[in-house]
Number of protein chains: 2
Amino acid sequence: MENITENARSQMRKGVLEYCILCLLAKEDAYASSLIARLKEVNMIVVEGTLYPLLIRQKNQGLLTYRWEESTQGPPRKYYSITDKGREQLAQMDEAWNDIITTIEKIKS
Amino acid sequence: MENITENARSQMRKGVLEYCILCLLAKEDAYASSLIARLKEVNMIVVEGTLYPLLIRQKNQGLLTYRWEESTQGPPRKYYSITDKGREQLAQMDEAWNDIITTIEKIKS
DNA sequence: TTTGGTACTTTGTGATACAAGGTATTAAAA
DNA sequence: TTTTAATACCTTGTATCACAAAGTACCAAA
């Protein structure tokens, strides 16, 4: 019941966020905090409480795996890697994303 | 727990759908069934149970108004129009949408 | 008066972003 | 030794939303 625009932005992020994670992990392994930092850089604001359950979901779906790695500064980090199944899913999401962009273009034309 | 891609597509539509409705109504007034037909044309599959509550929400937010119009075939139709406030919201959603596209492009590059 | 088409509405469910809080590890400061 | 600060991971409760599946109402033709 507050800023409806902010809510709209939040809703638009829904689903796209999952796509972003797969995109990022397709390029290199990463741990949660570094993913958050990367997403902040590109103005995709995400909080921990959103990202951690998302990573767990994707891992449970077999899209990701992880390994623990020591850090020189602070506690160990959980590095996530994309799996073959994750890359397949990413390819399908690429298609879905392009479809949506096309749809919006059609609607606006 | 079935087709995760279909679920992902559905999640991607979330929020974007609200945007689509404003885009369509910015061009011309329409009633629910015609909006559904239009969205099906552009492969944005939407069912009644999704669209009707959405229209009611947007009307309650002051983004839309409606009027009843007789039909030559069948029951009267509820024609929706976008309001000034709706056009403001649409402008902000244009911006949000372009931001997200830019974000994905950055992430994929 | 029944049937079929059109149109609008409601209810229940599952999925998900977010806010707010918590736990655990490490190293440096008090 | 104890405290503090930084880093990193995790959980719980809430609100929102798309969807499936139902229902209600109007109208015209058979």
Side-chain angles (χ1 to χ4, degrees), chain A residues 1-21 29-40 44-61 64 66-80 93 96 100, chain B residues 1-21 29-40 44-61 64 66-80 93 96 100:
Chain A
M1 206 54 50
E2 307 82 22
N3 189 346
I4 59 179
T5 297
E6 198 39 57
N7 183 42
R9 286 184 108 94
S10 170
Q11 290 303 323
M12 275 188 182
R13 280 198 288 270
K14 229 163 184 167
V16 176
L17 191 52
E18 200 172 338
Y19 179 43
C20 288
I21 300 305
D29 297 355
Y31 60 103
S33 299
S34 65
L35 288 171
I36 290 176
R38 183 76 185 101
L39 290 170
K40 282 218 174 92
M44 175 77 73
I45 298 129
V46 180
V47 294
E48 297 181 328
T50 298
L51 186 60
Y52 283 99
L54 192 158
L55 290 171
I56 291 171
R57 280 202 306 275
Q58 292 188 322
K59 184 212 61 173
N60 290 340
Q61 290 176 334
L64 307 179
Y66 69 81
R67 65 178 185 281
W68 286 99
E69 269 194 26
E70 296 293 323
S71 165
T72 55
Q73 286 188 342
R77 297 166 176 172
K78 211 171 177 176
Y79 273 84
Y80 284 91
M93 292 184 90
I100 289 186
Chain B
M1 206 53 51
E2 306 81 23
N3 190 346
I4 60 180
T5 297
E6 200 38 58
N7 183 42
R9 284 183 110 95
S10 170
Q11 290 302 324
M12 274 190 182
R13 280 198 287 271
K14 228 164 185 165
V16 177
L17 192 51
E18 200 172 338
Y19 179 43
C20 289
I21 300 304
D29 295 356
Y31 61 103
S33 299
S34 65
L35 287 172
I36 289 176
R38 183 76 184 100
L39 290 169
K40 283 217 173 93
M44 174 79 71
I45 298 130
V46 180
V47 293
E48 296 181 328
T50 298
L51 185 61
Y52 283 98
L54 191 158
L55 290 170
I56 292 170
R57 279 202 307 274
Q58 292 188 321
K59 184 212 62 174
N60 290 339
Q61 290 177 334
L64 307 179
Y66 69 81
R67 64 179 185 279
W68 286 100
E69 267 194 28
E70 297 294 323
S71 166
T72 56
Q73 287 189 340
R77 297 166 176 172
K78 211 170 178 178
Y79 273 84
Y80 284 92
M93 291 184 92
I100 288 186

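Since this is a predicted model, take the numbers as computed values, not measurements. Residue numbering restarts at 1 for every chain, and letters A, B, ... go by the order of the sequence lines.
Rounded to the nearest 0.5 Å, atoms NZ (Lys40(A)) and CD1 (Ile36(A)) are 6.0 Å apart. Rounded to the nearest 0.5 Å, atoms OH (Tyr80(A)) and OG (Ser34(A)) are 11.5 Å apart. Atom CZ of residue Arg9(B) and atom CE of residue Met93(A) lie 10.0 Å apart, to the nearest 0.5 angstrom.
Distance CD1 (Ile56(B)) to P (dC8(C)): 11 Å, rounded to an integer number of Å. Atom pair Leu51(B):CG and dA7(C):P shows a separation of 13 Å (rounding to whole Å applied). In this structure, CD1 of Ile36(B) is placed 13 Å from P of dT6(C), rounded to the nearest angstrom. One atom, CD1 of Ile21(A), and another, C1' of dA17(C), lie 13 Å apart when rounded to the nearest Å. In this structure, Leu35(B) atom CG and dT6(C) atom P are separated by 17 Å, rounded to whole Å. The OH-P distance, from Tyr19(A) to dA17(C), rounds to 16 Å in whole Å. Between the NZ atom of Lys78(A) and the P atom of dA24(C) there is a distance of 15 Å, given to the nearest Å. The separation between Leu55(A) atom CG and dA8(D) atom P is 14 Å, rounded to whole Å.
Taking only side-chain nitrogens and oxygens, Tyr31(A) comes nearer than 4.0 Å to OP1 or OP2 of dA8(D). The side chain of Tyr52(A) places an N or O atom within less than 4.0 Å of a non-bridging phosphate oxygen (OP1 or OP2) of dC9(D).
Inter-residue side-chain proximity for Thr50(B) and Arg13(B) is flagged as unmet; no heavy-atom pair is nearer than 4.5 Å.
Qualifying side-chain hydrogen bond (donor to acceptor under 3.5 Å, both in side chains) partners for Glu48(A), counting only residues two or more places apart in sequence or in other chains: none. Legend: residues meeting salt bridge (Lys or Arg N to Asp or Glu O under 4.0 Å) with Arg38(B), ordered by chain and number and at least two apart, are Glu41(B).
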Sugar-phosphate or base contact per nucleotide [nucleotides 17-30 of chain D; S, B, -; heavy atom under 4.0 Å] | BSBBBB---BS---
